[in-house]
Every structure is written in structure tokens, then in C-alpha cells.
Amino acid sequence: MSKQLVVSHAGAGLSPCDIADNFADLHPPLDRGAAAAEASRCLYCYDAPCMNACPTHIDIPGFIHQIATDNALGAAQRILNENIMGGTCARACPTEILCEGACVVNKTEGAPVKIGQLQRFAVDRLLDAPSPHPFGRAPASGRRMAVVGAGPAGLSFAHRAAMLGHDVDVYEARPKAGGLNEYGLATYKMVDDFAQREVAFLLGIGGIALHSGKMLGRDIHLDDLAREYDAVFLALGLGGAARLDVPGEELSGVGDALGFISRLRQEADKSAVAVGGQVVVIGGGNTAIDAAMQARCLGAASVTLAYRRGPEQMGATAWEQDLARLNGIAIRTWAQPVAIEGDGHVERVRFAVTELVDGRLAATGETFVLPADQVLVAVGQQMVRTGLDGLRADGAKLWVDDDYQTSRPGIFAGGDCIRRGDDLTVQAVEDGKQAAVRVDARLRAKGRD
Amino acid sequence: MADLHCNIAGVASINPFWLASAPPTDKKINVERAFRAGWGGAVWKTVTVDPPVINVASRYGVHKDHHGTILGINNNELISDRPLDVNLREIEELRREWPDRVIIGSLMAVLDEQAWKEVAIKLANAGVQGIELNLGCPHGMCERGMGSAIGQVAELVEKTTRWVREAVDLPVFTKLTPNITDILVPAEAAHKGGAHAVSLINTINSIVSVDLQRMAPRPTVDTAGTHGGYCGSAVKPIALNMVAEIARDPALKDLEISAIGGITTWSDAAEFIALGASGVQVCTAAMLYGFRIVDDMIDGLGRFMDQQGYRTLDDFRGKARAHVVDWNALNMNFDVKAHIDTASCIECGRCHIACEDTAHQAIRIETGDDGSRRFTVDDAECVGCNLCQHVCPVAGCIEMRVVENGLPPLTWPEHPLNPLRADPQTVSV
């Protein structure tokens, strides 16, 4: 079933070869025969539960039927119609709680149709085919739009806006486009530079100019964008890592998990990324699992994932937790870090044991210590508010109305920086797509006035 | 354990499972392997007067379902391409080495009495227990005036059957082609010609697929293909109907039937026997899986008979025949309604969309607050057609329940709305 890593024993390091193997594809891709066999398991449900479980409402029975009829390119187009990042979602979506969780074949056979892998099969065929971009553009509207952030939400918005006939400038603070697809997912989920291949495919529609290294509040400013463009879409994501706020967080060897994941993604030779021998990952989401797993991939002899609440509250899906356990990662729940200790470099983490008292998390008074030479913090991300003055907030995120418009007319927002659905790539893609459709409708309505 | 011994048109067999005249019965080595596997008999691949025919490559095309399972094979192979005396020698050897097994000699010839009689006598001298006339081969041989070219003309069916009857003192099986309008016409001709049994069906004219790159039918020989003969489980429904038509014709009641057509499992065989067949012949299933499939055919048929209390095949032979009737004899007052067991329903919606789009809009969906869907049948709209039950992927989830309407049986000839109804006074109810 799941990926099994080559692990180090008794402190012996892994060879670069073992490390490279460990970072290989989580699920090897289906070949044509396996895809046809898997597709034949689909019951072709009507108004299918899987489809309703997908935030982008991909016509899943429809595309699987097309794989079964040996029309993989038609299947891919059907997927990309609803989700232009169907390739990444096929790899990174927690399908076990979305489409595959809802698959009715769970009830008849005890295991769902492998929808994610079938989706990857179809989209990979299209991306590998030397064919023109599968979507055309509506006649030029003469309108220009600015997008801030080239992650899934921003690129999805840009692609849909380009389809609808608008010209789009996308501003990105980092050197590469792709957002978390490029910087935030485990390497073994996105092998062969898939994020960049997908970006190149998406830009193939034309009408989208990418400007990297441009940060809001530093290189570009909301007032200027609002003046120069017919609409602005903020797809900022959650750029800042949340802190633990415990003593010792500044010690060397302590870092944020996303930074670790990002470094691994950008490094061609993974064995060049340093890893500790005793790694403690703090957090309970899929990012925590991605970091813990990859520490193990690099050869960390012991990896412990510590989470302050119980297994039910963990953000990581049961499947991800199993993957971690299968690969020798210890998961300690009800463990809240209270101090990171060491002399210049981290040596140990002190935890308080917690419990729920009347629904609130409380310390039991008991504590324990885990030795550690590397600590990776994955306790969530926060929106960076730089350059957003005057926009109404909704908690730690941006407030938007039903049409994704912020409190400032003409400025729209979507993806992880707003409160809608879960913080998932697939939700961000849906936000971008829907926002582009709404913005387009508004502008056209205004044009008619 | 039930006794599978049987007698087919006077030929005693250890079980009803024979291999049909086809590629699997082309040579001694194949037939010997079949006998070792447990087959009761083999109808040898068709022979004729020398020189032997020459076959082409490729010879087979297939039709698959969406799981990739082969439903039907089409072939353009001709009859035995080996000299007659080689075939005769091998038949003789096998008859000597396997005395409890059946070998039927299959033959065809052009419309020449001498040729038919000469080959029939040679086969009889080689020791076959019966002769089968191949009047069905639908490709190649018919272009030379043999096979279906004879089988499609009733007078010629009768004439060739009579020639073989006159030539040999053996049970004669006339093998019929399904490539005709009414199977009763050649069956009656065979009967008139003196056949002890008919074997049916031979293969059906077919093109299984077109290669869209080469723009030619499959199998493609160089740049072109020809229609071939279609067989395999896909043709079983056609064969069942033709067997039933003959079995229930009172004029043909002493004509035995050796049933052929897509028989793959013991239950397929049991269905043909229930319609009145004395034995069955198998080809495609063996070609797809090997001779070993006869194991389960024997075992499964025996267990079925034990469970039903049938000691011999005769105990259930023809038991379904009386229940095959013309449409006009169906009871129009009988009614069923679909009932969906919501507990076992997996909410796939297949019944709903099938009924909604293509039937009678009788299946309702109620969506609960949690998004779950409940499917129910509106009895007022349901006509009892059965489509929903067939498309449902969960066995037993949809049940067709009989409506106890208290009405007496009523056929269309008796129906008040039938403008051609016989005088009600003369109708016996």
C-alpha cells in the first residue's frame, strides 16, 4: 500500500542513492492498463457523491468514463475545465477525506476507486502531449487585471480571467510561481518539477504576464494596482509561519517546517540538506507529516511528531498519520511544548502533558522531555498583513463578500487568505476560478450601464 | 452425486460436454489433451476432399466489455488445412486409445453427392460415432459453394443430410447456420432429410471491430479484413432462442439438439439442457481459458443437479421448454413494482438516471440534511420494467415485488382493448 522508506539504523547515515529513492514518487503513476482496470471499477454514479465532495466539482464519473473509453485527453480536459491545477490536486489532495472518501465503491468493495491516481493519469497524458493549450480565450475585453500571489488561487484566477478575454499581470514575491505547490508540498508528492511544468502549461493560454520578485508593500502597492487595473485579486496565501512562543525558539537547530520543506524542494541533491539525528516536529497537520516524513527520508534516526491535542483533532488525515507510523515516526499526542533547551544549539524539548477539561485544553501538571538536535515547527501559517492597510479583516484573514470582493471595491481576494472552506490547494483553485467568473460578470454588467 | 452420463442422438457420452468442431479439435494432440482434461467428446474439425485449404494470418478478432473481458471472438479460419488421411489416421488412433470418449466427424463438400458420401464413409471407417454436416461456416468456404452457402437453402440442407444418411449407418447431426431469418426452416429441412439431431448455432456473420488507424476490419490480413464468424458468450442469447424455437416445435419433437453458442459455464450448459438440448458443444471458452474449464462445468452441473434433486440429465431436460411461449400467451394482468432496500442502497443513483432518462420517471431522490440520498419508487409511475434492478450494482438491493391485484390471467388475444379480439363468447378462460 503506502510508501516505505529506506531508514537508517543505529545512527548510520543513508547513502545519497537511498535518499534519492526515499524522495521518489509517493504513488507510482498508473500505466494505461492499470488505469483502464481501475477506471472499470467506477460505477458511473449519477450526481455522484465524489463530485459533490470535490471543492471544484470535477465531473469525476465523466472523466473516469473517458479513461475507460481510452479518451485520456478528453478526460483531462474535463478535469481541467473545473480545476486547472488538476495535476497538483491529483497528487496532493487529501482524497481520503474528499472524493475517495465519498466514493460509493467503499461500500461495495471496502476500498474506493483511486480517483486521485486516475486524475493524475489523465492530466499527465495531456501535459505530456505535444498539443496546443486545450482552452481558448474569449475575444479581448480590453480589460487588465492584477493578481498578487502566484499560488494556486492566483494562477487559477489568472487562467480563468485569461479565458474570459482579460489580460492579467501576476505579481509574485518569490523567485518562482506555484506558491505552496512549489514551496510547500513534500518532494515525494511533486516529483519531476511538476509544479513548474504545471505553471508553464497554465501560462500556455496566453495573456498572462508573470512578474516574480515583486512583494506587496515593498515593490508594488495596493493603491497603484487599484488605479492601474480594472480589478485586483489578492491571493496572498499565508506567508508567515506561526511561532510557538516558548523559551528557546531562537536556538540554532530550531526552524519552521515549511522552510525545511521548501529547501528540500529547491535543492536538486536532497542529501545536501542537513538533518538531525533526533528530530522533533511540532504540529498536527499535513505539513507536520510532510516535514517528519522528509526528515526520515534524509536519514534521521529518530523522528517524533508532537501534537498538543488528541488524534481526532489532528489536521493530518488518518491516511497521512498511518503513512508516518508505517515509516517509524512516533506520534505523541497531548504534548504541548513548554521550552526548547540547549547550549546555543537545541538539545531537548520539554513538554507538558495536556488533556481536555470541559472542552478546553489544560495541562495535567505532568511533563516529559524529548532529546532533539533538530526541531521543526509546523503549528500553522498566518497571513502577512504588509501592504493591506484599510482592508477589513475577518479574524486573522481578509473579509470578502459572496463575490470575493474585499471591503475595498475593485479589490478581490481568495485562497488561504480568506475564510472559505479548508486551507487546501483544491479550495484555493476553486476560489480563483469563481472569483474570476464573478469579477468578469461584474465588469461586464458595469460596462453595460 | 448426480449422473452426468447421457445419450445424444444415440451416441453415449460420459458427460454432456463436447468440444465443437473448431480450432481446438484440429489435431490429435489437442483432442487428447481435451480428453485428458475430462471432455466427454469432440467434434473433429471439419474435413473435406483433398487438397486441403490454406489459411491466412491473422485469424481472430475480439469484442471486449469495458473491464477488458472478451465477450466474443470472430474468426476467418477455414476448415482443416491438413490432408484428409492425416485427420483420419489421428481419429482412428484416438478412438482406439480413448474408447469411452466420443469423436464425431464433421464434414463439408461442394454440392456433389459423390464427394459427401465418399468423405462420410471414410470418416465412418475411421471409427467416428456420428457425422456432423457443417452447413454453417459463414466465411470463405461459402464463397466456394460450401458451408452456409448450402445451409441457407432449405432444399440443399435436406439433400445433403439425406446423402449422408444414405452413405453411413451412424447418427447424423446437421449443423445449422444462424445466418438465416427463421431457424425452423433449415431445422425442418434437416429433419426431412433424416437427421437424428441438429447442432446449433454455428457462428454469426460479423465484423468485431474496425482498426481506426489502418481503416480496416480486424483481424486485418495485410491491408484488408473480411467478415468472420462470431462466437463466445455474446452469442449465447441468440443460440438460446434458436434452440428454444426448435425444441418447442411439435413437428420437430423427435429431432435432438446438440446445443452450441457461447457456453462458458455449467449454468450456461444447464440452461440449454433445460430448453431441451441433449448435450452441448463448447469452443470459445476453451480457446480463452484452456480445456481445464471442463472441471467446473462437470462439478458445477453435478452440484446443481444434486441440490435440485435431479439424478440424471433427463430429469430436467426440457423442463423450461413449456415456459417458452409466444408473446400472445403472456399474462397481461401480472404486475410487479420495483422496491429499493434503502439499507443496502449505496446511493450511486444509477437506477434513478436510467429510469428518469430512458424509462418512466418512477424513482425519486430525497436528499437529507447530511447530503445523503434516499431513492424510492413511485408505484403509480413504475411499470415493472426491471431496468433499475439490472443497472443496480448491489445484488438484492432492488426487488421486483408482485402486485396482488386479484385479477385473473388475461392474454392479448383476450384483451378488451385488442381490436382483433376473438368473440368473447368463444374465448376459453
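Heavy atoms only: backbone and side chains are in, while hydrogens, waters and symmetry mates are out. Per chain, numbering begins at 1; letters A, B, ... match sequence-line order.
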Inset, instruction - Start with the C-alpha gap between A:Tyr44 and B:Val391, add the side-chain angles, then the distance that decides, and say whether side-chain contact (heavy atoms from CB on, under 4.5 Å) holds. - result: CA-CA 11 Å; A:Tyr44 207 171; B:Val391 301; over 6 Å; no
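- The CD1 atom of B:Ile346 sits 6.0 Å away from the SG atom of A:Cys45 when rounded to the nearest 0.5 Å.
- Atom NZ of A:Lys114 has 12 or fewer neighbouring heavy atoms from other residues, nucleotides or ligands inside a 6.0 Å radius.
- In this structure, A:Asp358 places its CG atom where only 12 or fewer heavy-atom neighbours from other residues, nucleotides or ligands lie under 6.0 Å away.
- Remark: B:Asp378 engages B:Arg364 in a side-chain hydrogen bond (donor to acceptor under 3.5 Å, both in side chains) (not counting sequence neighbours).
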Inset, instruction - Carefully, step by step, assess A:Asp47 and B:Arg373 under the rule side-chain contact (heavy atoms from CB on, under 4.5 Å). - result: CA-CA 10 Å; A:Asp47 191 17; B:Arg373 300 187 295 171; 3.3 Å; yes
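- At a 4.5 Å heavy-atom cutoff, the contact between B:His352 and chain A is made by side-chain atoms alone.
- The NZ atom of A:Lys107 sits 9.5 Å away from atom SG of B:Cys348, with the distance rounded to the nearest 0.5 Å.
- Of the possible polar contacts, one joining the B:Arg350 side chain to the A:Leu43 backbone as a donor-acceptor pair under 3.5 Å is found.
- Annotation for A:Asp31: atom CG counts as buried by contact number, over 12 foreign heavy atoms lying within 6.0 Å.
- Other residues, nucleotides and ligands contribute at most 12 non-hydrogen atoms within 6.0 Å of the CZ atom of B:Arg33.
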